[in-house]
Q: 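Quick one: the structure is below, questions incoming.
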Amino acid sequence: MASTNIESQRGKNQRVGRTKPVASKRMWTKQEDVALIECLHTLALDPHWKGDNGTFRSGYLSYIEKMLVAKLPTAQIRANPHIESRVKLLKRQYNALSEMLNIGSGFGWNEEEKCLIAPKDVFDDWVRSHPTAAGLRNKPFSFFDDLVQIFGKERATGTAAETTADAVENLVMEDNTFLGALNVEDEGVKDSESIEEIGASN
């Protein structure tokens, strides 16, 4: 009987001493997002953590957890699942925005509001075949330029990394150059036709 009571008490002590499981879902605050972006940016500049293919090396999530503990000691943000899921979300949104901006046609970037702009019908049509872009139209994304540095193929180590405004400006310049070349070609054809007409009349 005494042995049974001891075992029962031991079981209660073990249950009391158990660590509370980490919640899988977390509502990130603006301060926490800023801290995470800062940590990712620091690692993106470090060749020890950023691989040549643009991905982070194994163990970076645990290292970011330690960095966040120093920045936000009471936040209790864990590598898994908190940091891992947040990084996946940021990367998924970054890739979706980048793809639309690279397409160019119908899509643009509001530098003041830091958001993607596009006619509703153009965006809705795009989302039908690209569901990860859902909800990104007119949604402020103030970290986009930072994520270009973090997730872009080129590391921002001294070579000028292209910001969102630069990317959009370059797309416009490329379009203007293309249209200019068409105009020159068209004028050349007209001049050639005029010369042929003059020669025929003579």
Side-chain angles (χ1 to χ4, degrees), residues 17-51 53-102 107-118 123 126-127 130-169:
R18 284 176 183 171
T19 303
K20 185 179 179 180
V22 178
S24 59
K25 292 188 177 182
R26 178 185 185 87
M27 293 295 293
W28 285 69
T29 67
K30 182 67 177 291
Q31 182 186 21
E32 292 169 351
D33 270 334
V34 169
L36 175 60
I37 295 296
E38 289 175 353
C39 293
L40 286 168
H41 197 270
T42 298
L43 265 60
L45 298 177
D46 187 345
H48 174 74
W49 288 109
K50 191 71 179 290
N53 61 352
T55 61
F56 289 102
R57 302 186 191 281
S58 177
Y60 84 98
L61 292 174
S62 296
Y63 190 74
I64 289 179
E65 178 182 326
K66 295 176 182 178
M67 296 173 73
L68 288 177
V69 168
K71 290 175 177 289
L72 305 168
T74 62
Q76 296 185 334
I77 300 174
R78 301 290 179 257
N80 190 295
H82 304 144
I83 300 173
E84 182 182 28
S85 62
R86 195 61 172 178
V87 170
K88 284 182 178 179
L89 173 63
L90 290 172
K91 191 169 185 177
R92 184 166 63 247
Q93 292 179 331
Y94 162 76
N95 288 336
L97 287 168
S98 294
E99 187 175 7
M100 287 183 282
L101 290 172
N102 287 333
F107 297 102
W109 183 259
N110 185 322
E111 183 63 21
E112 183 177 350
E113 299 294 332
K114 295 290 184 182
C115 67
L116 178 84
I117 53 177
F123 183 76
W126 177 267
V127 170
H130 301 78
T132 57
L136 294 181
R137 175 175 174 266
N138 297 331
K139 177 183 178 180
F141 207 78
S142 58
F143 301 127
F144 188 84
D145 286 341
D146 296 296
L147 297 181
V148 171
Q149 311 270 336
I150 294 167
F151 296 129
K153 292 181 180 179
E154 297 295 331
R155 292 199 306 269
T157 56
T159 56
E162 192 176 55
T163 64
T164 313
D166 294 333
V168 174
E169 182 179 355

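Bear in mind that the values here come from a model prediction, so they are computed numbers and not experimental data. Counting begins at 1 with the first residue of the sequence.
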Q: Could you pull out the closest heavy-atom pair between A96 and A133, with the gap in Å?
A: CB-CA, 4.1 Å

Q: Any side-chain heavy atom of Y60 sitting closer than 4.5 Å to one from V87?
A: yes

Q: What I'd like to find out is whether the side chain of N138 reaches to under 4.5 Å of the side chain of I117, using heavy atoms alone.
A: yes

Q: If you define the side chain from C-beta out and look only at heavy atoms, does anything of L40 sit under 4.5 Å from F56?
A: yes

Q: Is Y63 atom OH crowded by more than 12 heavy atoms from other residues, nucleotides or ligands, each under 6.0 Å away?
A: no

Q: Rounded to the nearest 0.5 Å, how far apart are CD1 of I83 and CG of L68?
A: 5.0 Å

Q: Would you compute the distance between atom CG of D33 and atom CG of D146 and round it to the nearest 0.5 angstrom?
A: 11.5 Å

Q: If you measure from the Lys or Arg side-chain nitrogens to the Asp or Glu carboxylate oxygens, is any gap between E32 and R86 under 4.0 Å?
A: no

Q: Going from CZ on F123 to NE2 on H130, what distance comes out if it is rounded to the nearest 0.5 angstrom?
A: 11.5 Å

Q: For the pair F144 and Y94, name the ring-plane relationship: parallel under 30°, tilted 30 to 60°, perpendicular over 60°.
A: tilted

Q: What's the shortest heavy-atom distance between I150 and I37, and which atoms?
A: CD1-O, 3.8 Å

Q: If you take all heavy atoms of K139 and Q93, which pair is closest and at what distance?
A: NZ-NE2, 3.4 Å

Q: Looking at every heavy atom in both R137 and A118, which two are closest together, and how far apart are they?
A: NE-O, 2.7 Å

Q: Does Q31 have more than 12 heavy atoms from other residues, nucleotides or ligands lying within 6.0 Å of its CD?
A: no

